[in-house]
Amino acid sequence: MARDSQAALVALNRFGFGARGGAAGDFVNAASDPRGFVKAELNRPNGVLLEVPGLSSTPALASAVFAYQLEVQQARAAAAKSGVPAPETAPPSPDARAQKRNLSPNSIAIDMSAKEGAMQGKENGSASAAMAPCEPMQPNAAQPNAPKTPPQPLNVIQRTYRAEGLARLQRAIIADCGFVERLVAFWSNHFCISANKGELARIWAGSFEREAIRPHVLGRFGDMLKAVEQHPAMLFFLDNQQSLGPDSRAGQNRKRGLNENLAREIMELHTLGVGGGYTQDDVTSLARIITGWTFAGRQGQLGVPGSFVFNANAHQPGAQRLLGKIYEDNGVAQGEAALADIARHPSTAKFIAAKFARHFVADDPPPALVARLQDVFRKSDGDLRALTVALLDSDEAWQAPLTKLRSPYEFLVATGRLLAQIPEDPTRYLGGLNVLGQPLWSPAGPNGFPDSNAAWAAPEGMKLRLDISAQIASRLAANVDPRDLLQLAAADAASPETRRTIELAESRQQALALLLMSPEFQRR
């Protein structure tokens with residue numbers, strides 16, 4: 001039973017989001033057939049898709065943003081004409097700032113981090129505030145004698161961001177194991193955008209994941225790559241809508257040239273990896289190949305606003321040499337052919353296999369496992385289901401000790417599962433993620449959030465986890481018995497030290513906080 005319990009802990013923590021509280025019986029089910037318990041989620045039709053009433057498509061969301069921006073513009077113009085101060089309907093548009101200053105994605109994320117409070121309200125603040133009851137922030141709270149200012153209603157951008165986040169959180173918390181949701185989170189971070197880039201990125205963050213990531217998590221890598229690089233959210237995040245072929249009609253008229261952001265990140269972060277055999281000339285060639293890849297704007301001159309379009313007038317004419325191969329100029333198909341070949345490149349197989357094993361198994365994964373995953377990726381033409389099953393079938397993935405620290409997202413979702421707290425409002429979770437340094441869909445740069453113990457196990461980060469655990473315990477400990485929760489979460493796999501620590505706690509509240517900080521709960 002002890003060995004089955006250890007395998008169950010691996011199944012639930014390494015591959016899933018941990019056991020659920022209540023009458024779910026996850027640990028017992030996982031112990032009876034650990035690999036089968038994890039694999040079961042892979043065989044559910046459309047189990048990876050997230051189709052929730054009220055969540056809109058990317059073009060529909062673009063129309064909402066454009067309408068909102070026009071409303072703000074008209075209100076400001078009317079206020080200026082009348083001499084009355086304009087209402088504070090929204091913070092200054094980060095989209096406009098980003099385009100005017102032409103910042104890099106990393107610079108934009110840093111620049112925006114200090115300004116997000118105006119958009120996020122209660123989602124920012126201390127650990128205590130993050131886990132406090134959901135009530136509007138009072139702008140004049142620091143001035144007791146000042147008149148209370150009513151909280152401003154959330155605009156369509158922030159409402160959408162919160163609705164998308166809530167749908168993702170709810171799915172992760174109610175899932176049987178959570179393995180498919182872990183896959184979604186992995187690939188979404190691999191092909192990341194940042195909601196901090198601007199209003200379009202913020203409202204599109206969820207639809208990007210729903211449309212470009214989820215349909216392909218158990219499909220082909222090449223299909224996901226194409227969907228990601230042609231999605232308006234990625235094109236906006238990495239400025240490809242600003243990239244013009246120097247010899248194109250638009251490039252000659254506007255005297256503006258290439259923007260290599262997207263091409264560079266495709267090769268460095270999405271496929272081949274650093275040292276993957278490409279040169280700066282290859283980056284420039286790929287940037288030329290994908291000129292004209294953009295999305296239709298507010299006026300809809302090229303297509304439905306917010307949809308992917310190919311602008312032939314912005315495309316660099318002529319054939320291009322990339323990674324030793326010539327790609328003829330046949331419009332959008334030139335770039336699609338280049339992406340298909342990059343997806344099949346041996347360096348891509350090596351890079352993806354190592355990153356996949358590093359995420360699920362260890363910061364330094366067993367070389368034999370990486371080699372096996374690389375072989376499966378290459379021979380299956382990037383079949384991600386085959387890659388995933390190969391990981392689950394490997395002995396190394398089950399035998400390696402649970403040494404990786406859960407990311408903040410994994411920690412908070414695991415907490416919600418164990419305490420059976422399915423959110424109806426995302427405020428506490430979004431606030432906790434901000435406090436712990438992993439704001440939802442908002443990494444500081446195009447390389448995504450870090451995936452190593454060194455990043456998340458720093459003393460300050462662990463102190464913040466303890467603060468949040470204590471806040472959670474102060475709200476919920478009266479309704480639970482931490483000893484029962486430990487049995488649900490780890491059963492016989494719990495160490496004698498952890499059991500003794502919880503037994504000797506001075507209060508139920510302290511015991512619950514200690515449980516949430518235990519190795520059995522924090523490690524995966």
Side-chain angles (χ1 to χ4, degrees), residues 3-20 24-49 171-172 175-190 213-221 224 349-404 406-407 410 413-414 417 451 490-491 493 523-524:
R3 192 180 75 176
D4 291 341
S5 292
Q6 184 61 34
L9 193 65
V10 172
L12 286 162
N13 286 13
R14 169 158 292 157
F15 299 112
F17 281 114
R20 294 169 295 178
D26 289 340
F27 203 94
V28 173
N29 293 334
S32 66
D33 180 11
R35 297 189 197 214
F37 177 76
V38 178
K39 285 183 178 180
E41 286 195 346
L42 304 182
N43 300 319
R44 291 176 186 153
N46 298 324
V48 71
L49 301 181
R171 170 64 69 82
D176 287 350
C177 172
F179 183 44
V180 165
E181 290 304 299
R182 285 283 308 281
L183 292 171
V184 170
F186 170 80
W187 288 113
S188 185
N189 192 55
H190 177 76
I213 302 294
R214 286 183 177 273
H216 308 290
V217 160
L218 298 174
R220 290 182 60 256
F221 177 80
M224 185 187 290
K350 180 180 180 181
F351 180 61
I352 296 299
K355 189 170 183 178
F356 200 62
R358 190 178 306 118
H359 175 77
F360 282 103
V361 180
D363 284 355
D364 295 308
L369 172 61
V370 175
R372 197 176 312 121
L373 295 178
Q374 179 179 342
D375 193 50
V376 168
F377 185 96
R378 183 177 57 81
K379 289 182 177 179
S380 69
D381 193 23
D383 186 331
L384 298 183
R385 178 185 289 271
L387 180 74
T388 300
V389 170
L391 174 73
L392 295 176
D393 285 343
S394 70
D395 290 336
E396 296 96 330
W398 294 86
Q399 293 170 356
L402 296 170
T403 57
K404 285 188 73 76
R406 278 175 163 154
S407 71
E410 293 159 358
V413 168
R417 286 169 65 87
D451 192 23
R523 299 286 176 178
R524 64 165 178 82

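We number each residue from 1, following the sequence as shown.
- V184 and R214 make their closest contact through CG2-NH1, 3.7 Å (heavy atoms, listed as atom of the first residue, atom of the second, distance).
- When all heavy atoms are compared, the tightest approach of A357 to P365 is CB-CB, 3.7 Å.
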>> side chain to side chain contact (heavy atoms under 4.5 Å, CB included), that's the test. Do Q6 and L402 meet it? Break it down for me.
In response: CA-CA 10 Å; Q6 184 61 34; L402 296 170; 4.0 Å; yes
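- The environment of CG in D381 is crowded: more than 12 heavy-atom neighbours from other residues, nucleotides or ligands sit within 6.0 Å.
- Among R406, K404, R523, the one residue that satisfies the side-chain hydrogen bond (donor to acceptor under 3.5 Å, both in side chains) test with N13 is R406.
- Using modelled atom types, no side-chain atom of R378 and backbone atom of K350 make a donor-acceptor pair closer than 3.5 Å.
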>> One pair to check against side chain to side chain contact (heavy atoms under 4.5 Å, CB included): L9 and F27. What are the steps and the verdict?
In response: CA-CA 8 Å; L9 193 65; F27 203 94; 4.2 Å; yes
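- Using bins of under 30°, 30° to 60° and over 60° for the plane-to-plane angle, the ring pair F360/F179 lands in the perpendicular bin.
- Side-chain contact check for L387 versus I352: some heavy-atom pair is nearer than 4.5 Å.
- The main-chain N or O of A175 is found under 3.5 Å from a side-chain atom of R417 such that the two form a donor-acceptor pair.
- At least one donor-acceptor pair closer than 3.5 Å links the side chain of R14 to the backbone N or O of A400.
- Taking CZ of F37 as the start and SG of C177 as the end, the distance is 5.0 Å to the nearest 0.5 Å.
- Nearest heavy-atom pair across A368 and E396 is CB-OE2, 3.9 Å.
- P34 and A8 make their closest contact through CG-N, 4.4 Å (heavy atoms, listed as atom of the first residue, atom of the second, distance).
- Between the side chain of R220 and the backbone N or O of S380, no donor-acceptor pair lies under 3.5 Å.
- Across every non-hydrogen atom of P215 and L49, the tightest pair is CA-CD2, 3.8 Å.
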> Which is it for F377 and L384 under the side chain to side chain contact (heavy atoms under 4.5 Å, CB included) test, yes or no, and what are the steps along the way?
Replying inline: CA-CA 7 Å; F377 185 96; L384 298 183; 4.1 Å; yes
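- Between atom CG of residue N29 and atom CG of residue D176 there is a gap of 8.5 Å, rounded to the nearest 0.5 Å.
- Contact of the D363 side chain with the T403 side chain is not registered, since no non-hydrogen atoms from C-beta on lie closer than 4.5 Å.
- Enclosure of atom CG in N46 is not indicated, since only 12 or fewer non-hydrogen atoms of other residues, nucleotides or ligands lie within 6.0 angstrom.
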> Are F356 and L183 close enough, and set up right, to give a side chain to side chain contact (heavy atoms under 4.5 Å, CB included), and what steps lead you there?
Replying inline: CA-CA 10 Å; F356 200 62; L183 292 171; 3.9 Å; yes
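- If you run side-chain hydrogen bond (donor to acceptor under 3.5 Å, both in side chains) between K39 and each of T388, D33, D393, only D393 comes through.
- The shortest distance between side-chain heavy atoms of I213 and F186 does not fall below 4.5 Å.
- The shortest non-hydrogen separation linking A172 to E181 is CA-CG, 4.0 Å.
- V376 has its side chain out of reach of L391: every pair of non-hydrogen atoms, C-beta onward, lies at least 4.5 Å apart.
- Formation of a donor-acceptor pair under 3.5 Å by the E41 side chain with backbone atoms of G178 is found in this model.
- Not one N or O on the side chain of R20 forms a donor-acceptor pair closer than 3.5 Å with the backbone of D26.
- Using a 4.5 Å heavy-atom cutoff, the side chains of R182 and V38 are not in contact.
- For the pair W398 (side chain) and L392 (backbone), a donor-acceptor distance under 3.5 Å is present.
- Using a 4.5 Å heavy-atom threshold, the side chains of M224 and H190 count as separate.
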